[in-house]
Amino acid sequence: MADPILQISSVSKNFGGVVVLEDVSFVVEAGARHALIGPNGAGKTTMFNVISGVYQQNAGDVLFAGQNINDIPSRKRIALGMARSFQNIRLMPHLSVTENVMLGQHSQAGILDLLKPIMVMPRAHDKERAVELLDSFGLEAFQGRSVSELPYGVRKKIEVVRALMANPRLLLLDEPAAGLNVAETATLHDFLVEVAERGVTLLLVEHDMPFVNKLCETVTVMNFGRRIYDGPVSGLREDKNVLEAYLGADA
Ligand SMILES: Nc1ncnc2c1ncn2[C@@H]1O[C@H](COP(=O)(O)OP(=O)(O)O)[C@@H](O)[C@H]1O
Ligand SMILES: [Mg+2]
C-alpha cells in the first residue's frame with residue numbers, strides 16, 4: 001500500500017460570507033493518477049488554490065508527504081515537491097519554448113509577477129535542463145520556436161514540461177484537456193502516462209470524462225463545495241449522488 005502524498009482533511013474555505021469549500025477530505029496516494037471532478041462552481045479550482053497555498057483555508061489541514069503544510073507559503077510548497085499548471089495557459093507567447101520551460105525554475109511561486117520577461121536571467125544550467133527535459137519527451141523540434149506559433153496541444157505539453165522543471169513529486173493540473181481536439185487529447189493522455197511513469201503523482205481537475213476514465217484510477221467528486229464521492233473511477237456511474245449532481249435530482 002502506497003503512502004499518501006497528499007491528505008486533505010476537513011478543509012473549509014469561504015470568501016466573505018460565501019462558503020466555497022465545506023469540510024472536504026480526501027487522500028491522494030503516492031504514484032496515483034487521481035482526478036478531482038464536479039460541476040462548474042463546485043470548488044475545484046479553489047481546492048487547487050488551497051493545496052498550492054495560493055489561498056489559506058479557514059479550517060482543516062493540508063498534509064504533503066505526511067507534513068502539515070498549512071503555514072507553508074506557496075513558494076516553499078514548490079520546493080517541497082509540488083507543482084502546478086493552470087486552467088488558462090500562461091506560457092509567454094513571444095518567448096521560445098526553451099525559454100518558457102526555463103521559467104519553470106522561477107515562475108512556480110509568484111506566477112504573475114514572474115510573467116515579465118525582463119526578470120528572466122537565464123542560467124546555463126537551467127537551459128541545459130530545459131533542453132534535456134524537452135528532448136526526453138520528444139519535443140526537441142520545438143525548442144527554438146516561439147510559443148505563439150505552436151498548436152494548442154503542443155502548448156499544453158510545454159506547460160506541463162515547464163512545471164516539471166521544479167522536479168515535483170506531485171503535479172496539479174487544472175483542466176489539461178480543455179480545448180483540445182480528439183487527437184490532441186489522446187496525445188496528452190500518453191504524455192501524462194509518461195509523466196506519471198517517471199514517478200510524478202498526478203492530481204487533475206478535468207471535465208472530459210472519457211479522458212478521466214482512461215487516465216485515472218481514483219477520483220474525488222465535489223458539488224457545491226462538498227465532497228460527494230471518493231473512490232475508484234469505475235464506481236462513478238453507479239453512484240446516486242454523482243448521477244444527481246450531473247443529471248439533476250430526477251436521475
Ligand atoms: N477569490 C474568490 N472570491 C470570491 N468567490 C470566489 C473566489 N474564487 C472562487 N470563488 C467562488 O467559489 C465558487 C467555486 O469556484 P471554483 O473553485 O472556481 O469552482 P470550479 O473550479 O469547480 O468551477 C464559485 O462560486 C466562485 O464564484
Ligand atoms: Mg475551475
Side-chain angles (χ1 to χ4, degrees), residues 6-28 33-62 64 69-70 73-75 77 82-91 108-113 115 152 155-156 159-160 162-163 170-180 184-185 188 192 202-213 215-216 218-231 233 236 239 241-249 251:
L6 184 70
Q7 291 163 271
I8 305 299
S9 177
S10 299
V11 164
S12 296
K13 173 71 188 166
N14 53 65
F15 293 106
V18 183
V19 178
V20 174
L21 298 175
E22 194 172 0
D23 197 24
V24 178
S25 300
F26 65 94
V27 164
V28 178
R33 307 194 309 228
H34 189 100
L36 178 61
I37 68 169
N40 270 331
K44 307 177 298 292
T45 297
T46 303
M47 178 55 81
F48 265 25
N49 282 328
V50 167
I51 294 168
S52 57
V54 174
Y55 295 152
Q56 178 77 47
Q57 68 272 28
N58 298 98
D61 296 307
V62 178
F64 183 71
I69 57 168
N70 289 357
S74 192
R75 177 177 79 253
R77 295 187 192 195
M82 190 188 281
R84 167 170 192 196
S85 80
F86 285 83
Q87 189 165 1
N88 301 308
I89 282 191
R90 289 180 182 175
L91 293 175
Q108 299 293 333
I111 302 153
L112 288 173
D113 312 322
L115 296 187
Y152 193 64
R155 291 194 207 188
K156 283 280 188 180
E159 227 209 356
V160 173
R162 183 178 65 174
L170 173 68
L171 180 59
L172 308 174
L173 301 166
D174 200 348
E175 303 201 21
L180 299 187
E184 288 170 333
T185 304
L188 183 72
L192 291 179
L202 300 180
L203 173 59
L204 58 139
V205 166
E206 186 51 65
H207 281 295
D208 181 335
M209 281 313 294
F211 183 80
V212 167
N213 274 315
L215 182 66
C216 300
T218 50
V219 58
T220 301
V221 187
M222 292 181 54
N223 195 21
F224 296 115
R226 289 170 161 272
R227 189 194 89 182
I228 60 166
Y229 177 88
D230 189 54
V233 168
L236 275 180
D239 189 86
N241 292 332
V242 173
L243 291 173
E244 276 181 16
Y246 277 92
L247 304 172

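Computed from a prediction, not measured in an experiment: that's the story for all the values here. All ligand and atom numbering here is 1-based and tracks the order in the structure.
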Point to revise | Heavy atom of Y55, distance to ligand 1 below 4.0 Å | key: yes
Review point. So, is F15 polar-close to ligand 1, with some N/O to N/O distance under 3.5 Å?
Key: no
Review point. Rounded to the nearest 0.5 Å, how far does CE of M47 lie from CE of M222?
Key: 5.0 Å
Review point. Does T46 bring an N, O or S atom to within less than 2.8 Å of the Mg ion (ligand 2)?
Key: no
Review point. Is there a side-chain contact between V62 and L6, using heavy atoms and a 4.5 Å cut-off?
Key: yes
Check your understanding: So, is A42 polar-close to ligand 1, with some N/O to N/O distance under 3.5 Å?
Key -> yes
Review point. Which one holds for T45 and ligand 1: side chain close, backbone close, both close, or neither close, with close meaning a heavy atom under 4.0 Å?
Key: both
**Study point:** Sidechain N-carboxylate O distance under 4.0 Å for E159, R162
**Key:** yes
Practice item. Tell me, with the steps shown, if Q7 and D61 meet side-chain contact (heavy atoms from CB on, under 4.5 Å). Key: CA-CA 8 Å; Q7 291 163 271; D61 296 307; over 6 Å; no
Practice item. Indicate yes or no: at least one non-hydrogen side-chain atom of V24 is less than 4.5 angstrom from one of V50. Key: no
Revision key, fill the gap. Check: of E175, K44, K13, min heavy-atom distance to atom 22 (O) of ligand 1 comes from K44
Exercise for review: Could you pull out all residues at least two apart from Y55 that satisfy ring-ring contact (aromatic ring centres under 6.0 Å, His included)?
Suggested key: F15
Review point. Which atoms of ligand 1 sit under 4.0 Å from any heavy atom of V20?
Key: 11 (C), 12 (O), 13 (C), 14 (C)
**Study point:** G41-ligand 1 polar pair, N/O distance under 3.5 Å
**Key:** yes
Exercise for review: Give the atoms of ligand 1, by number and element, whose distance to some non-hydrogen atom of G43 is under 4.0 Å.
Suggested key: 14 (C), 16 (P), 17 (O), 19 (O), 20 (P), 22 (O)
Practice item. Compute whether any side-chain donor of one residue and acceptor of the other, for D23 and S12, lie under 3.5 angstrom apart. Key: no
Point to revise | Between R227 and N241: side-chain donor-acceptor atoms closer than 3.5 Å | key: no
Review point. Any idea which atoms of ligand 1 are less than 4.0 Å away from a heavy-atom of T46?
Key: 9 (C), 15 (O), 16 (P), 17 (O)
Revision key, fill the gap. For N40, the ligand 1 atoms with a heavy-atom partner under 4.0 Å come out as 23 (O)
